[in-house]
Participant: 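Before I ask anything, here is the structure I am working with.
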Amino acid sequence: MGICLVAVPVVYFFILLDAHLVNIPYTDDFNLLETVQKLRNSGSFVEMLKALFEQVNQHRFGFERIVMLIMFVLTGTVNIKTQIIIGDLFMLGISYLLFLSLKRAQVSWYWFIPVPYMLFNLVYFENAYWGIAALQNTPLIFFAMLTAYGLAREDEKGFWIGLIAALLTTFTSGSGLLAWIVGMVLLAFQRRFKNLLWWVAGSIAVLLFYFFFDYQFISSPGEKVWNHPVFNVIFVLAFWGNALFLDVRHPLVPVFHQDIIACVAFGAGIALVFAVWAIRVLLARKPDRTDWFLLGAMMFIMGTGAMFVISRPINNYVMYGGTAFSRRYMIFGVVLAAICYVCLIVVLKNFKHWKNLAVVVAMVFFLGLNFVSYFTSIGSIRKLHDELVIDSYFWKNYKTFITVGELFTDIPFWNHPTRMRDLIVGLESQGITDFYQFYDMPAQEELIRKTAVKGIFTGDFDAQSQYRNGDYNRYMKYFKFYVTPASKQKGTFYMVLQSARHSIVLPAVPVPNTVSDFLQKASYYSNSYQYAVYKPKLPEGKYRAWIMSRGESGQWESLYTGKQVLFY
């Protein structure tokens, strides 16, 4: 039963991902695909190195590019869905390292059961289903923890494990440079000065290559973190406790958001656990492998949070909301919470009643967070899935994407007039990706003429507008389109807005039931559908509203709703 309890959250995590992932690139994925193309066409060793370690902001995505290149060499293509699964599988490695730490501390494996419910949830859903994020942040945390694990062994084999893992961490993401600092601290406190000397020499060599081989230093024009020290200390606490950052709107308003307050409080608790653990290790006569490993793992993730705040300092309360966090960063808070739980169990292992209480509380908390994360975020995953499927329609007809950009005229990813066009043509011709695999709709000029059928859509269609904070907290007009079919739909269908110049296809995303309806009907989705966009994303005009779905023959058929939309 214990094994089943451990396996359940892992199994349904990957089942849900498999149901929603598509082999379509999303935003920064195109940058890595372009690299594969450059590597394939490089004419010299230096050109290959430049392509492999090409700078993206402050990052060098060497590991991600190597994985994609290996995939291309073995299969002749780069499958984004496979790439995401590979990245997410590193969470199993993180789980195993935490399991080993409990085993090494002679704690029964039953106390490990709550950990998978924390690690395999959808709090960090953006990281779980986005190609570059899945292949970046999850391996980054694993390699950093493997660095700490290797050095915690306090032997030569462990030193080489740590050295190789630190190298991989560095060229997975920019924050991976912290692995070298963590290693120096661990080796210094372990009094392994000979190994420390080699570690420092290795870190210098890596830093010289990182910052002086085809690298451009990027200065930050923003404020400095010390200009508002109190606000930024609160900010870093919120990052450490961001496992509680819910998938709900956080408009920038001078009213505290309750979940962000919880993040700050949780982060303060995590800081306390770290302080107690560090003092415990430093005062111990002979710290063991688990002590050093958990200390190093916490140092890296908490240091990543500090780097995040230093690069993005704020001048007000983070609890006011706004664009404080990207959803992919929640993975750091999730792993940090799991590490702190393991620390608590190790500290309390000789206090039976306190240990049992800690396990029960953790299990209830992790299980509750797991359920809430799935209930609030499955709809977000479904929305991105449906948008990615029709990205090729928008590119083919309008040279823009529905998934990226604020304006209808934006040319992803670089807003360059020809770069994306040439990239997609090259990727398709070389078989690196299959961007048009879902594109089977008529051209936008002929869409309604070729798909329209007699009759009127039986059901309700409505459109509403309001003003709300958009990206970067700008106040913009926001449109919502609602559809409720008279009968249950068998497959995916779309809303089509037809004007004299455009035929805009929008996905009809099912609306989740309320918690009470979910429990009563045993169904996650209701029979209502919607899609929402900010005004700049679509061209202005007067539109006729159609509902397009596949008929009995499998061909697209459009029914007029009898409604018109004024999009101004």
Participant: Would you call D155 and K157 a salt bridge, using N to O less than 4.0 angstrom?
Facilitator: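 No, D155 and K157 are not salt-bridged.
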Participant: Kindly state whether the ring of F325 and the ring of F235 have centres lying under 6.0 angstrom apart.
Facilitator: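 Distance test on ring centres: under 6.0 Å, yes.
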Participant: Can you tell me how far apart CZ (R327) and OG (S377) are? Round to the nearest 0.5 Å.
Facilitator: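 These two atoms lie 6.0 Å from each other.
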Participant: Provide the closest heavy-atom pair for S101 versus L294 in the form atom of the first, atom of the second, distance.
Facilitator: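 Scanning both residues completely, I find the closest heavy atoms to be OG-CD2, 4.1 Å.
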Participant: How many angstroms lie between atom CZ of F142 and atom CD1 of I94, to the nearest 0.5 angstrom?
Facilitator: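 Between atom CZ of F142 and atom CD1 of I94 there are 8.0 Å.
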Participant: Counting only N and O atoms by type, is there a donor-acceptor contact under 3.5 Å from the side chain of Q190 to the main-chain atoms of W292?
Facilitator: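 Not confirmed, Q190 side chain does not pair with W292 backbone.
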Participant: Does Y317 have more than 12 heavy atoms from other residues, nucleotides or ligands lying within 6.0 Å of its OH?
Facilitator: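 No, the 6.0 Å shell around OH holds no more than 12 heavy atoms from other groups.
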Participant: Are the side chains of H385 and L21 in touch, meaning some heavy atoms are under 4.5 Å apart?
Facilitator: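 With C-beta onward as the side chain, the pair stays apart.
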Participant: Do other residues, nucleotides or ligands put more than 12 heavy atoms under 6.0 Å from the OH atom of Y215?
Facilitator: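 Enclosed.
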Participant: For F125 and M330, run side chain to side chain contact (heavy atoms under 4.5 Å, CB included): C-alpha distance rounded to whole Å, both residues' side-chain angles, the deciding distance at 0.1 Å, then the answer.
Facilitator: CA-CA 8 Å; F125 68 84; M330 306 305 100; over 6 Å; no
Participant: Look only at the side chain of K50 and the backbone of D214, and say whether a donor-acceptor pair between them is shorter than 3.5 Å.
Facilitator: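 No: the side chain of K50 does not pair with the backbone of D214.
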Participant: So, Y26 versus E126: side-chain donor-acceptor pair below 3.5 Å or not?
Facilitator: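 Side-chain D/A pair, Y26 to E126: absent.
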Participant: Would you check if M298 and C340 make a side-chain contact, meaning some heavy-atom pair closer than 4.5 Å?
Facilitator: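 Heavy-atom side-chain distance check passes, below 4.5 Å.
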Participant: Just checking, any donor-acceptor pair under 3.5 angstrom between side chains of S173 and Q136?
Facilitator: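 Yes, Q136 and S173 have a side-chain donor paired with an acceptor closer than 3.5 Å.
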Participant: For V264 versus A238, what's the shortest heavy-atom pair and its separation?
Facilitator: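 In this case the closest contact between V264 and A238 is CG2-CB, 3.8 Å.
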Participant: Is the side chain of R192 donor-acceptor paired with the backbone N or O of L151 at a distance under 3.5 Å, no angle test?
Facilitator: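 Yes, because the side chain of R192 sits within donor-acceptor range (under 3.5 Å) of the backbone of L151.
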Participant: With a 6.0 Å cut-off on the ring centroids, do F266 and F365 count as close?
Facilitator: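 Centroid distance F266-F365: below 6.0 Å, so yes.
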Participant: Do the two ring centres, one from F61 and one from F171, sit under 6.0 Å apart?
Facilitator: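 So the answer is no for these two rings.
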Participant: Look at the side chain of K477 and the backbone N and O of P536, then say whether any donor-acceptor pair between them is shorter than 3.5 Å.
Facilitator: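 A pair under 3.5 Å: no.
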Participant: Restricting to non-hydrogen atoms, name the atom on C263 and the atom on N242 that form the minimum distance, rounded to 0.1 Å.
Facilitator: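 Minimum heavy-atom contact is SG-CA, 3.8 Å.
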Participant: Closer than 3.5 angstrom, by distance alone: can the side chain of T147 be matched with the main-chain N or O of A166 as a donor-acceptor pair?
Facilitator: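 Yes, because the side chain of T147 sits within donor-acceptor range (under 3.5 Å) of the backbone of A166.
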Participant: Do Y124 and M91 have side chains that get closer than 4.5 Å, going by heavy atoms?
Facilitator: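 Result yes, sub-4.5 Å side-chain heavy-atom pair found.
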Participant: Determine, step by step, whether H250 and D259 satisfy the side chain to side chain contact (heavy atoms under 4.5 Å, CB included) criterion, reporting the C-alpha distance in whole Å, the side-chain angles of both residues, the deciding distance to 0.1 Å, and the verdict.
Facilitator: CA-CA 10 Å; H250 295 92; D259 61 324; 2.7 Å; yes
Participant: Ignoring hydrogens, what is the shortest heavy-atom contact between I113 and G2? Give both atom names and the distance.
Facilitator: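 Closest heavy-atom pair between I113 and G2: CD1-CA, 3.9 Å.
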Participant: Is there a side-chain contact between L102 and V342 in this structure, where contact means two heavy atoms from C-beta onward sitting under 4.5 Å apart?
Facilitator: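 They are in side-chain contact.
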Participant: Mark yes when over 12 heavy atoms from residues, nucleotides or ligands other than W109 sit less than 6.0 Å from its CH2; otherwise mark no.
Facilitator: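 Yes - once you tally the heavy atoms of other residues, nucleotides and ligands closer than 6.0 Å, there are more than 12.
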Participant: For residues F375 and Y524, establish whether the separation of their ring centroids is below 6.0 Å.
Facilitator: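 When the ring centroids of F375 and Y524 are compared, they turn out to be within the sub-6.0 Å range.
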Participant: Could you tell me whether Y467 and Y478 have their ring centroids closer than 6.0 angstrom?
Facilitator: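 Ring centres of Y478 and Y467 not closer than 6.0 Å.
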Participant: Please check if the side chain of N121 supplies one atom and the backbone of M118 the other of a donor-acceptor pair under 3.5 Å.
Facilitator: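 A pair under 3.5 Å: yes.
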Participant: Does the ring center of Y341 lie less than 6.0 Å from the ring center of Y117?
Facilitator: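 Centroid distance Y341-Y117: not below 6.0 Å, so no.
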Participant: Quick one: which of V318, N316, I260 gives a side chain to side chain contact (heavy atoms under 4.5 Å, CB included) with I234?
Facilitator: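 The side chain to side chain contact (heavy atoms under 4.5 Å, CB included) with I234 is passed solely by V318 among V318, N316, I260.
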Participant: Other residues, nucleotides and ligands only: do more than 12 of their heavy atoms fall within 6.0 Å of NZ on K81?
Facilitator: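 For K81, atom NZ is crowded (more than 12 foreign heavy atoms under 6.0 Å).
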Participant: Between R104 and D288, does any NZ, NE, NH1 or NH2 come within less than 4.0 Å of an OD or OE carboxylate oxygen?
Facilitator: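 R104 and D288: not salt-bridged.
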Participant: Counting only heavy atoms from other residues, nucleotides and ligands, does the tally under 6.0 Å from CD of Q466 exceed 12?
Facilitator: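 Atom CD in Q466 is crowded, with more than 12 foreign heavy atoms closer than 6.0 Å.
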Participant: How long is the straight-line distance from CZ of F30 back to CD1 of I132, given to the nearest 0.5 Å?
Facilitator: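 The CD1 atom of I132 sits 12.0 Å away from the CZ atom of F30.
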Participant: Tell me whether the count of non-hydrogen atoms from other residues, nucleotides or ligands lying under 6.0 Å of OH in Y96 goes above 12.
Facilitator: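 Counting neighbours around OH of Y96, 12 or fewer heavy atoms of other residues, nucleotides or ligands fall under 6.0 Å, so no.
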Participant: If we ignore hydrogens and angles and just use 3.5 Å, is the side chain of D410 paired with the main-chain N or O of L407 as donor and acceptor?
Facilitator: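 Checked: pair present.
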Participant: Evaluate side chain to side chain contact (heavy atoms under 4.5 Å, CB included) for L52 paired with T35, printing each intermediate quantity in order.
Facilitator: CA-CA 7 Å; L52 185 62; T35 303; 5.9 Å; no
Participant: Rounded at 0.5 Å granularity, tell me how far OG1 in T138 sits from CG in N127.
Facilitator: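 Going from OG1 on T138 over to CG on N127, the span is 4.5 Å.
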Participant: Under 3.5 Å, is there a donor-acceptor pair between the side chain of W277 and the main chain of D291?
Facilitator: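 Side chain of W277 to backbone of D291: a pair is present.
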Participant: Hey, does the side chain of Q83 reach the backbone of G131 with a donor-acceptor pair shorter than 3.5 angstrom?
Facilitator: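 Judged by distance alone, yes, a pair lies under 3.5 Å.
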Participant: Taking C-beta and beyond as the side chain, do L89 and F14 meet within less than 4.5 Å on heavy atoms?
Facilitator: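 Yes; the side chains approach each other to less than 4.5 Å.
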Participant: Under 6.0 Å between ring centres, would you say that holds for Y374 and Y12?
Facilitator: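 Yes; Y12 has its ring centre under 6.0 Å from that of Y374.
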Participant: Does some side-chain heavy atom of W240 sit less than 4.5 Å from a side-chain heavy atom of V236?
Facilitator: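 Result yes, sub-4.5 Å side-chain heavy-atom pair found.
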Participant: If you define the side chain from C-beta out and look only at heavy atoms, does anything of F371 sit under 4.5 Å from T376?
Facilitator: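 Side chain of F371 against side chain of T376, heavy atoms only: no contact under 4.5 Å found.
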Participant: If I take atom CG from residue L367 and atom CG from residue L369, how far apart are they, to the nearest 0.5 angstrom?
Facilitator: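 These two atoms lie 9.5 Å from each other.
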Participant: Where does the angle between the aromatic ring planes of F90 and F63 fall among parallel (under 30°), tilted (30 to 60°) and perpendicular (over 60°)?
Facilitator: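 Judged by the thresholds at 30° and 60°, the geometry between F90 and F63 is perpendicular.
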Participant: Below 4.5 Å, heavy atoms only, C-beta onward: do D28 and W130 meet side chain to side chain?
Facilitator: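 They are in side-chain contact.
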Participant: Return the minimal non-hydrogen interatomic distance between F300 and S175, and the atom names on each side.
Facilitator: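 Taking every non-hydrogen atom into account, CE1-O, 3.4 Å.
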Participant: Would you say the side-chain atoms of R65 pair up with the backbone N or O of R60, donor to acceptor, closer than 3.5 Å?
Facilitator: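 Flag not set: sc R65 to bb R60 has no pair under 3.5 Å.
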Participant: Do the ring centers of F53 and F209 come within less than 6.0 Å of each other?
Facilitator: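 When the ring centroids of F53 and F209 are compared, they turn out to be within the sub-6.0 Å range.
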Participant: Apply side chain to side chain contact (heavy atoms under 4.5 Å, CB included) to L140 and F332, showing your working.
Facilitator: CA-CA 10 Å; L140 171 74; F332 293 96; 3.9 Å; yes
Participant: For F189, look at atom CZ and say whether over 12 heavy atoms of other residues, nucleotides or ligands are found less than 6.0 Å away.
Facilitator: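 No - once you tally the heavy atoms of other residues, nucleotides and ligands closer than 6.0 Å, there are 12 at most.
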Participant: For the OH atom on Y110, are there more than 12 heavy atoms of other groups (residues, nucleotides or ligands in this structure) within a distance under 6.0 Å?
Facilitator: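 No.
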Participant: Looking at CZ of F120 and CG of D88, how far apart are the two atoms once the value is rounded to the nearest 0.5 Å?
Facilitator: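 Those atoms lie 8.5 Å apart.
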Participant: What pair of heavy atoms forms the shortest contact from G87 to P139, and how long is it?
Facilitator: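 The answer is O-CD, 4.2 Å.
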